[in-house]
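Both ligands and their constituent atoms are indexed starting at 1 by order of listing. Keep in mind that the numbers below use all heavy atoms, side chains included, and drop hydrogens, waters and symmetry copies.
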Amino acid sequence: MDVIEKIKRKVNGFEISTKITLGYSACFVILLAVINLAMWLGVMNALYSPAEKTIRYSMENVEKIFGELEKNYSAFNPNAFRGAMVAGVVLRVADDDGNVFIDTDENYPTIERFYAGLLVDPPIFADSEFEVAQLGSALVYCAKMDYTHENKTVTLYFFRTITSELILFDDLEKILFTLDIVGIIAALLVGLGISRRVLTPIKIMNSLAREIAFEKMGGRIPLGDADDELNKLAKTLNDMLDRLQGGINKQQQFVSDASHELRTPTAVIKGYIEALERYGMEDKELVNESIEAIRSEAQNMQDLLENLLFLSRADKHTQKLHKKTLDMDDIISDVMNKMKKVVETHEVKLIKNEPAQIYGDETTIRQMIRVFLDNAVKYTPAGGTISVTSAVKGKKISLSISDTGIGIAPENQKKIFERFVRIDSEDLVSEANGTGLGLSIAKWIADSHGIAIAVDSELGKGTTFTLTIPIKK
Ligand code: ATP
Ligand code: MG
């Protein structure tokens, strides 16, 4: 039990190629053993069986002759015994004193020679009623039979050569054994070679996986031409690495963009504090300007941090949404009323607001509408108009927010939903500062509610964002 456990542990430590090779070499060895055994049994049977049969048959013939003799002893004719022998069987009859008086082949080895070569352990193929002797390079069978007449007993010896080519069989066995060993070694080597070759991609994958680290994601598994499982696995792993690398790159970009965005407000705040330190608090104008600037930059930083936190929660899937049935028209009119109160530079109009219910999270829905309204105000010069229309169209609400602002060039209309993307423009409204996160947040909120966003814009004329919102069933 202990030994088996040890072997198991040892085998488990082997490489797969070694395991495969060992496994099918073992099958090969078993197959060889079975073939050899079958061959050996066949040959031995072919040798022993005819010898046994011919002796038995000859003995039966002799028994018949004895039967005749019992009836009429005077008809005894030694030649009758010669005729009773099957070809190859030699008969010798000896009396009590060992004198041979019938011999069907005088050239055959003598009884004494046979017993001198008698095998104490006869081969397993030999029938136990027979005696076996090895005479030189020959194996010889012998069966005995006693015959008693008027208190006189004679012994009949039946001889038959099993094989005269023992040496040849020994040689054959050696050749076979050598061939087996060569075959097994060849199977081991070829098997090891093939399985190593087949499993090379796995080795490469392994060493590559070891090397890959957060900062070092460039490595890819080389792909072969074959359409096999290993190549498919390699391709899957490469695709996975591509996706991971894409994610990591985005993450790193995000961190670097966020740090970059924080730099400006901190630099401005620091600048004003240094100016106050240098010129003192006497200059009332400078003090007021500094306080205003610091307050505004602090507000920017706070906005940025809140946006970053929102996106970070969204990425981690921890941004909470408490969805319930909402009256969309109420939300729109409320947001618009608040908007009108703070915006004095632009005309803000709610053209149509058809009642409809949606299923969503109130806080983020309000936040999303505000992103579009803020942008409309921010990217429209003072005196422009912001108009909002909400109309029911079948099972959807079509909410459009239009402005008469600077517009967005067609090539930028997709980009603006990416994080930190801001479009540089000559005639950008001067106070338009921002971080480029508003629309990516709005997009995330829209996606979480099954809301589609469409942009229609012309440079210098204005922009309309249309949100298609599913109505609650
Ligand atoms: P904030 O994070 O403060 O919202 P932001 O307004 O610059 O910053 P987004 O709201 O994501 O960022 O908008 C991205 C960019 O898309 C803007 O910088 C602007 O160039 C462009 N944009 C968005 N809305 C409009 C609009 N109504 N008219 C013209 N350009 C717009
Ligand atoms: Mg914005």
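- Set against the non-hydrogen atoms of G407, the atoms of ligand 1 under 4.0 Å away are 29 (C).
- For the residue pair D361/T364, the side-chain donor-acceptor check at 3.5 Å is satisfied.
- Residue pairs meeting the ring-ring contact (aromatic ring centres under 6.0 Å, His included) criterion with at least one member in residues 217-247, sequence neighbours excluded, do not occur.
- Atoms of ligand 1 lying under 4.0 Å from at least one heavy atom of I423, given by number and element, are 18 (O), 20 (O).
- Between the side chains of S400 and T466, no donor-acceptor pair of N or O atoms lies under 3.5 Å.
- At a heavy-atom distance under 4.0 Å, only side-chain atoms of I408, from C-beta outward, approach ligand 1.
- Among G436, G438, G462, the residue whose heavy atom sits closest to atom 8 (O) of ligand 1 is G436.
- In this pair, F372 and F465 present their aromatic rings tilted. The plane angle is within the 30 to 60° band.
- Residue S440 has no N or O atom closer than 3.5 Å to an N or O atom of ligand 1.
- Here atom 21 (C) of ligand 1 lies nearest to I416 when heavy atoms of N307, I416, I441 are compared.
- Other residues, nucleotides and ligands contribute more than 12 heavy atoms inside 6.0 Å of the OH atom of Y24.
- Ring planes of F130 and Y141: tilted class, angle from 30 to 60°.
- Where the criterion is an N or O separation shorter than 3.5 Å, residue side chain and backbone included, G434 fails it with respect to ligand 1.
- Interface atoms of ligand 1 facing V421, defined by a heavy-atom separation under 4.0 Å, are 14 (C), 15 (C).
- Contact annotation for T463 and ligand 1: only side-chain heavy atoms (C-beta onward) come within less than 4.0 Å of the ligand.
- A side-chain donor-acceptor contact under 3.5 Å links D303 and Q299.
- Looking at L304, V371, N375, it is N375 that brings a heavy atom closest to atom 23 (C) of ligand 1.
- Below 4.0 Å from some heavy atom of K378 lie the following atoms of ligand 1, by number and element: 1 (P), 3 (O), 4 (O), 5 (P), 6 (O), 8 (O).
- Which parts of ligand 1 touch L439 is read off a 4.0 Å heavy-atom cut-off, strictly below it: atoms 9 (P), 10 (O), 11 (O), 13 (O), 23 (C).
- Two residues are said to be in side-chain contact when any heavy atoms from C-beta on lie closer than 4.5 Å; L237 and M205 meet this criterion.
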